[in-house]
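Heads up: the structure comes next, in C-alpha cells.
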Amino acid sequence: MMEQPAAPRDQFEFLPPRVSEWFESHGWLPFDYQVECWKAYQSGENGLVNAPTGTGKTLAVWLGPIIEWLSSAQCLDSNTIRNPARRRPEDFESSTVLWITPLRALAADTLHALTLPIKEMELPWSVEMRTGDTSAWAKRRQMKRFPTALITTPESLSLLLSYPDTREKLATLKCVVVDEWHELLGNKRGVQTELALARLRKWRPELRTWGLSATISNPEAAAATLAGVHGSARLIFERRAKDLKIRTLVPQSIDRFPWAGHLGRLGVPGVASAIGEATSSLIFTNTRNQAEQWYQWLTLYEPDWEDSIALHHGSIDRAERERVERGLADGELRAVVCTSSLDLGVDFPAVELVIQVGSPKGIGRLLQRAGRSGHHPGGVSKIICVPTNAFELIEFSAARTAIERGRIEPRRGLTGSIDVLLQHLVTIALGGGFRNDELLNEIRSTTAFADITEDDWQWALSFVTNGGSALKAYPEYRKVSVENGVYTVDNELIARMHRLSIGTITSDSMMLVQYVKGAKLGQIEEQFVARLNLGDRFTFAGRVLEFVRLKDMKVFVRRSSGGSGTVPKWLGGRLPLSSQLASAVREKLGDASNGEFDDPEMLSVKAVLAVQQLWSRIPGTDELLIEHTKSREGYHLFIYPFAGRSVHEGLAALLAYRLTKDHPRSVNASVNDYGIELLSYEPIVVDSWSSLFGTDHLTDDLLTCLNAVELARRQFRDIARISGLVFSGYPGSQKAARQIQASSGLLYDVFKENDPDNLLLEQARREVLVGQLELSRLKTTLNRLSEERIVEVKTKRLTPLAFPIWAERIQASVSTEKFGDRIKKMVLQLEKAARW
Amino acid sequence: MNELQNETNVEWFGELWTLLPERAVYWSSQKTVILTDPHFGKDATFRSSGIAVPSGTTRRDLTRLGNVLDRYNPTRLLILGDFFHAGSSKTNETLDFLRCWRQHYAGIEVVNIQGNHDKHAGDPPADLSISVEMESWGIKSIRFAHHPDTNLGTPLVCGHLHPAIWIGRLRGSSGKLPCFWLTQQTMVLPAFGTFTGGARPPISSGDRVFGICDNEVLEIPVLQHQGK
C-alpha cells in the first residue's frame, strides 16, 4: 500500500517504536499527508482528509489516536501490553474512538481494516460494530463493556444518544471519525450526523473530529460543517493522484437522431470483450431498470457467463446482495452489473475494470466509480464509458476534460430540516432530557441550524410537547413532557416507538417480492405493483417472473416459462446533469461550433453535429439557441439552456405559464438535460425574451404554474417519516400499530386543511423549490440566459438536438409498441432529409 | 342552501340511489342517508400515541354530514360501522362535537351497524341515542352490513374496504379518489371519514365505479383502470 515517494525517515521519528516497527515489518513508509494528519491530531486539531480511495486514508486518521495512546503514560509499562494476563480492563478498554460510516455494509470492512494494525501491534484495544444489523444481545454486551473503538452509522449513533447511560460510556471518548463525509453532506443523514456531533462535543469539549472525504470542489465548506460553528478543521490533501485511465467505447456507426437509451444494446459486444480481458469488472448503470436489462443482454450474449455474472441493485434482497459482494471480494465473479448500490462500500481489490453505461451525469460520480477499480498497491483505475446515445459521447468527453482540469461538483450541507430536528429533540429528551436554552445553544452550533429563529425553535418545542402550535394544546397528546424546565419522555410506549423509527434514510413504499414457495427475491416499489394484473410477466433480479398474488404487502410470484417480461421502472431513476458537467458540455459544443473536434468522442459525433449545423446551428458558449419548427403536431419551440433536467422542468413550466398568462392557449412542455420543447397549436410569438427569462416574481410564478401542491404532498412522505408522523410498526407485530397508521399523503391533506401554518408543510414546499426544482440553479440559469446572445432559427424539421426531447415526450404519452413505431418512422423521415 | 351538488343517480336492484360527493348515499324511497366508516376521533387516537396530528377532521366531517342532512331532510341515517376509530378516539373534544351535532339533528333516527373497529372502540355512548345493530340489517330486499359478503345471495350495501382508485398516472400527477364500487351483488361505499386511507378494490369487468372528484361524482370506465 505504502510506496515511494514518501516522507523522509526523520519526519516520523516522533512515531512510537511500535508504530514505526509495524510500518517496517510491512516494508512501508508513511505518506506525507498521513504524517501531517497524525501530527495535527496530536496537537489537538480537527481535520478533514481529502484523498482518493485506495491511498491509505483509513490509517491516516486511525493511527492518530493509537499514536497518542502509545505515547501516553498509560502504556509505558510495555509488559502490561504484551502480557494480557496482567491487563486491567479499566486501564485500556475505555471508549476512545467513534467511527461513523454511512453504510452499514461498509462497517464489516472497516472493522477488518481497523483491527489489522491493532492485532499486529498487539494493542489491548477492542474494535466492534454497532449497526442496524447488530444483535440485541451484542448491543447489551457493548453497553456493559464499551469497546475502545466503535464503528457505527448515523442512525445507530442517534439511537445510542437516546439511552441515558451513553454519556457515561463515552466519558473517555477522544476522537470521532466520519468516514465518506461527502456522502453525508447534502442530505438529511448529514444533518443528523451534525446534530449528533454537537451532542458529543457538548459532552466532551476536547473531542477531536476527523472526516474522510473523496475529492469535492468545496472542501473548506465541508470542513467547516464537520467541525461545527465553534470549531475549525484543518484540511489535509493527498495530492498524488491515483493513475486513472478513461476510455470511451466509440460505436462504429452513429445514428444522427439519437434518443435516450437506444444505442445501448450495440455496446454489448464491446463490453463483453472488455469483460473477457479483465479478471473482474463492475458495470455501472444509472437505473435499476438498465441494470436488469444489461444483465439480460450480457447473459444472452455469453451464455457461459451465467454463473459468473451477477446483478446488484438496491431492490435486490440483502442476502443476495451480500452473496454477490462476497463473490466480488473473493474474486469469484467475472462481472457484476450494478447501480449506485455499489458506488460506496467495501473495496474489491480484484476489480480491474469499471464500465460506465450511459452518462454518469456528474463528474464526481464518474471519478468515484472509476476509483472502484485498481484498488490495490500501485493500482491503476480503469474505466470504459459506454454511450447509450450519441450525445452521451459529448458528455463523456466533457467529463474527462473536467476531471483533467479538476472541476468537480461541490457538496453543501442542508439547512432548515425541521423534521430531523423534531426527531433529534425526542431522541435527546429520551437520552436523559434537556433544558430549552442549553439545547438551543447546542443546536445552533451546527451549520444546519446555526440560523434557526427563536420562533421556529419554540414551534419545534411545542410540537413535541403539546402536539400543536403554542396557541393550541391537546390534552390527550403526550410525547415529550416538561418538568422543572427539563424535557423528558416518560412513556415507555412512546420511547419504544421513537427508537424504532430513528433514522432518516428515505424508503419508498416497497413491497417484498417472494416466490410462492417462499424464497425472497427483493423489494419493488408499490407503484409498479399497482399497475400489475394477475398473470402479468415482469423481469426482476435477473429472472422473468409471473405475478401470482398480492398478500400482506408481499408480491407472490413464480418463475415464468419462456418469454420476456416488462422491466419495472423504478422511481427516481433519472439523474439530472450536474451544473459542472452541463457547462462542460456547453464548452465542448462551443469548440465544435468553431470546428474543433479534439478527441475520439467528439470526432465520432461530428456527423451528428454537422446535421445540426446544417439545419440549424451548434450553439456557441455565449449563445442561446432557439429553434422554431412547425409540424403536423403544431408549432414547436425548442430552447437549449443546457442546464440539466431538473432545472429545465421548472424552467419549462415557468415559460409555458408566462407565455399563456396573457394569451390563453394550450402549451405543452417537455424537457431533457439539454433543452426544452414548448408545443402549441398556434404559433408561439415572443415579444420580449428578456421579460420571459426575467427573475421577477420567480417563486410566485413557479408555485402557481407547477402543481406545487402535488409535488409538496409527495415530498411530505420523507418528512412525515423522519418527524415521527408515520410509524411503520413494530417488527413482527404490525397489527398493534395499525390504529395509528396513515399514509403521508393523507396526513399532508389533514395538516393542510386543519393546520396550514405547520412548519413541516412549509419545509415540504421549500424542499420542492430548493431541492427538486433547484431554485438557485434556476435563478442562475435565468440570469445567464438574459445575458446570452439569442439566436433564433427556423427549422424545417426536428434537428438532432430537438429529436431526443421530442422522443421523450412521445415516450411518456404512448404505449411501448406505438412508441417504437413512431420513433422509427420519424427517424426514417429525418434520415432521408439528412441524406438529400 | 341546497345548492345543486353534482350527485349521480344510479339504479340498482330496482331502487334509485343517489351517490353524493360528500361520500354518502341517499336512498330517496326510504328517506334514508347511508354512510360508512366515519372513524370519528381518529386524530385524537394518533395524538394519544404521540403523533401530533391536528384536530379538525371530526368537526369538518360532521359539518359535511350536516350539509347532507339539511339538503335531503331524511328520517333515517344508517351508518355501516366503524363509528369510532379506537377507544382512545372518545376524547371530550370528539364527544362534544358529536353531542352538538346529534342535538341539532335530534329528529333523525340514527343506526350504526357494528364494524370491526366498533368491537374494540365500543359503541357510541347512550346519550347520542344511536341504536346499534350487531349483524346485517335489512330494508325491503336489500341487506346492509359492515363487511362485504358475497355468499349472502341478496343485494348487499356495505363498507369496510375504503375503496379508492388512482387516476392520471402519466407525468406523475396521480390522484387517489375515494369511490363507490358496484358489483352484481354488492354496493361498497367509500369511507366517510376524511382522515381515512383508501385501497384499490379488486374490480372485475361488469362492475361500475364512481369516483369522487372535488364536488362531483363521476363514473369511471372500468376498462381504463383495469388495463396497464
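Naming: A, B, ... by sequence-line order, numbering from 1 per chain.
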Revision key, fill the gap. dist A/Y474:OH -> B/D43:CG (nearest 0.5 Å) comes out at 7.5 Å

Review point. Checking heavy atoms, do the side chain of B/S89, its backbone, both or neither come under 4.5 Å from chain A?
Key: neither

Exercise for review: For B/R60 and A/N754, test the side chains for any donor-to-acceptor distance below 3.5 angstrom and give the result as yes or no.
Suggested key: yes

Practice item. Hey, could you give me the CG/NZ distance between A/L746 and B/K42, rounded to the nearest 0.5 Å? Key: 6.0 Å

**Study point:** Part of A/I494 lying under 4.5 Å from any heavy atom of chain B
**Key:** side chain

Review point. So, for A/G467 and B/A52, which heavy atoms are closest and what is the spacing to 0.1 Å?
Key: O-CB, 3.4 Å

Review point. Once you round to the nearest 0.5 Å, how far does OH of A/Y477 lie from OG of B/S49?
Key: 10.5 Å

Review point. Side chain to side chain contact (heavy atoms under 4.5 Å, CB included) between B/I51 and A/M497: does it pass, once the steps are laid out?
Key: CA-CA 10 Å; B/I51 299 174; A/M497 275 172 59; 4.3 Å; yes

Practice item. Could you look at B/T91 and say if it's the side chain, the backbone, both or neither that has a heavy atom under 4.5 Å from chain A? Key: side chain

Practice item. With side chain to side chain contact (heavy atoms under 4.5 Å, CB included) as the test, would you mind laying out the steps for A/L747 and B/V53 before giving the verdict? Key: CA-CA 8 Å; A/L747 284 166; B/V53 173; 3.7 Å; yes

Revision key, fill the gap. One option among B/A86, B/G197, B/G50 has the most heavy-atom pairs under 4.5 Å with chain A, and it is B/G50

